[in-house]
Amino acid sequence: MKTKFNKWRVMAFGTTMALTAFMSITQAKAGFKDTIQEAELIPLNGAVVSNYAENKPQYFRFDVPSKIGNKWVVISLTNYTDVPQCISLLDNNGVEISDIKITSHNGGNEAIYTKISPSTDAYADRIKIKAGMAYFIKVKPYWGDLPKNDFNLSIKTIDDDNWGGFDNELKLKANKKQSGEIEVVNDVDSYSIKVPKKAECNFVINSDCDAKAYITDKDGIKLADANIYKGKADNSLSAVGNGEKVFIRIQSGNYNGKYTIKPCMASANLKLTKYKRGTAVIKGKTRGYADVKVYYNNKYYYVTSNANGNFAVNLDTKLKSKSKIEIIVSKQGQDSIVKNFKVK
């Protein structure tokens, strides 16, 4: 059967080409791919324009190269027909491995996000596909009317800078900033770092999209979590070390964007580094982003430590020999530290 190719379709097809310049687009013949054995092959980063000769499901196929690397594979259906369309992903045995997505008619779009991932724990709630395998896409009308006009089906790959698993995570370095990117909605990036005993690591995250971050130990037990807000410079969450690695994941919700993460090493305790007699400054190190209250000479002073736990207090009077200093350190979710020091 010959496919009609009227003026409307030429315009729609031209628009599709302009929007997807990275793709090779082919014009499909209707009626010859209504079984999985007759599925039409679509190359990665390619697209097909198709329509219906009969009211039957249409099947398409794509092959995943064995050396594809770390990528997302996004299957997108834009529906120019007058009937809502259903799209689902099938494995090489013809078993559906995705939820059925329903596109609205006259320009509606739905996408299925899949991840190439060798990790056992990465993307537990994602659709995983394997390198070196073939997969099938099923498209069918949502109801019984024979659809008019076309639909556009595309397959796009997107490079991922982070595998997202705890068995192939990126290693962070103390007090060194690391850049990352959430490439697609619900992407996950994973990192790890060894936190020494009696140390506290504050992960400072600056992102241009809202996200969620959480820390776990090597057994996957959650130690802390936090919401990451777009444009906020001091998004942070922390973990006290025991000499072993901790893992941190950054996960987007409904947005994609770039971010930086910096593991700042602080102290899980409190020590003073400067409090000599004759000076009017007290300096110390404690937990990061903690409230520090200093009591000296019948007066309270209030400061906040930085991400590395450093703080400095300017006094109204100079420190006197053998006088006492009381310091209270408070941080949400942790017990307070209370210590007394004697000026030498």
Side-chain angles (χ1 to χ4, degrees), residues 170-180 189 191-215 223-243 245-250 258-276 279-296 299-319 325-341 343:
L170 294 182
K171 307 297 190 295
L172 295 174
K173 294 181 179 180
N175 304 310
K176 298 292 184 181
K177 188 179 292 186
Q178 171 74 43
S179 297
D189 287 355
Y191 301 92
S192 71
I193 190 169
K194 185 176 180 180
V195 183
K197 291 182 178 180
K198 298 182 180 180
E200 178 192 70
C201 185
N202 291 283
F203 297 92
V204 181
I205 302 169
N206 190 352
S207 174
D208 62 12
C209 68
D210 291 340
K212 181 83 173 182
Y214 58 95
I215 302 171
L223 305 175
D225 61 6
N227 291 317
I228 306 303
Y229 297 104
K230 175 182 177 180
K232 190 172 184 286
D234 58 351
N235 291 294
S236 69
L237 64 168
S238 62
V240 175
N242 59 2
K245 284 198 304 185
V246 297
F247 298 83
I248 180 167
R249 271 185 172 175
I250 300 175
K258 297 182 178 181
Y259 65 87
T260 60
I261 177 172
K262 183 179 181 181
C264 300
M265 291 296 175
S267 172
N269 210 321
L270 166 65
K271 64 179 181 180
L272 292 185
T273 56
K274 182 178 181 181
Y275 60 113
K276 292 183 178 180
T279 64
V281 178
I282 298 172
K283 292 184 178 181
K285 188 177 182 72
T286 186
R287 297 166 178 163
Y289 292 133
D291 295 322
V292 180
K293 181 167 70 173
V294 177
Y295 183 70
Y296 181 74
K299 185 175 181 179
Y300 285 104
Y301 300 85
Y302 301 89
V303 294
T304 301
S305 62
N306 65 14
N308 290 101
N310 299 313
F311 66 89
V313 181
N314 296 311
L315 304 174
D316 292 340
T317 58
K318 292 182 179 181
L319 294 170
I325 304 168
E326 181 184 73
I327 299 180
I328 302 173
V329 177
S330 302
K331 187 171 182 177
Q332 186 176 4
Q334 300 183 22
D335 295 334
S336 297
I337 301 173
V338 181
K339 281 192 175 184
N340 292 289
F341 300 86
V343 179

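Worth saying up front: this structure is predicted, and the values here are computed from it rather than measured.
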Colleague: Check the pair Asn269 / Lys339 against side chain to side chain donor-acceptor pair (under 3.5 Å), numbers first and verdict last.
Modeller: CA-CA 10 Å; Asn269 210 321; Lys339 281 192 175 184; 3.2 Å; yes
Colleague: According to salt bridge (charged side-chain N to carboxylate O under 4.0 Å, His left out), does anything in residues 226-237 pair up with another residue at least two apart or in another chain? List the pairs.
Modeller: Lys232-Asp234
Colleague: State whether the number of non-hydrogen atoms from other residues, nucleotides or ligands found under 6.0 Å of Lys194 atom NZ is greater than 12.
Modeller: no
Colleague: Could you check whether any side-chain N or O of Asn308 sits under 3.5 Å from a backbone N or O of Cys264, counting only pairs where one atom can act as donor and the other as acceptor?
Modeller: no
Colleague: Just checking Lys171: does its NZ atom have more than 12 heavy atoms from other residues, nucleotides or ligands closer to it than 6.0 angstrom?
Modeller: yes
Colleague: Could you tell me whether the side chain of Asn235 and the main chain of Tyr229 form a donor-acceptor pair under 3.5 Å?
Modeller: yes
Colleague: Mind listing the closest non-hydrogen atom pair of Val343 and Tyr275 along with its distance?
Modeller: CG1-O, 3.6 Å
Colleague: Rounded to the nearest 0.5 Å, what separation is found between the CG atom of Leu315 and the OH atom of Tyr301?
Modeller: 5.0 Å
Colleague: Within the distance-only criterion (no hydrogens, no angle test), does the side chain of Ser305 pair as donor or acceptor with the backbone N or O of Tyr289 below 3.5 angstrom?
Modeller: yes
Colleague: Indicate yes or no for a side-chain donor-acceptor contact from Asp291 to the backbone of Thr304 under 3.5 Å, with no hydrogens or angles considered.
Modeller: no
Colleague: Please tabulate, for side-chain N and O atoms in residues 236-243, each donor-acceptor pair with protein atoms closer than 3.5 Å (sequence neighbours left out).
Modeller:
unit_1 : atom_1 : unit_2 : atom_2 : d
Ser238 : OG     : Lys331 : NZ     : 3.2
Asn242 : OD1    : Glu244 : N      : 3.1

Colleague: Check the surroundings of atom CG in Asn340: do more than 12 heavy atoms from other residues, nucleotides or ligands lie under 6.0 Å from it?
Modeller: yes
Colleague: At their closest point, which heavy atom of Ala233 faces which heavy atom of Val204, and how far apart are they?
Modeller: O-CG1, 3.8 Å
Colleague: Is it true that a side-chain atom of Asp189 and a backbone atom of Ile250 form a donor plus acceptor pair closer than 3.5 Å?
Modeller: no
Colleague: Exactly one of Tyr191, Phe247, Phe203 should register a side-chain contact (heavy atoms from CB on, under 4.5 Å) with Ile215. Which one does?
Modeller: Phe203
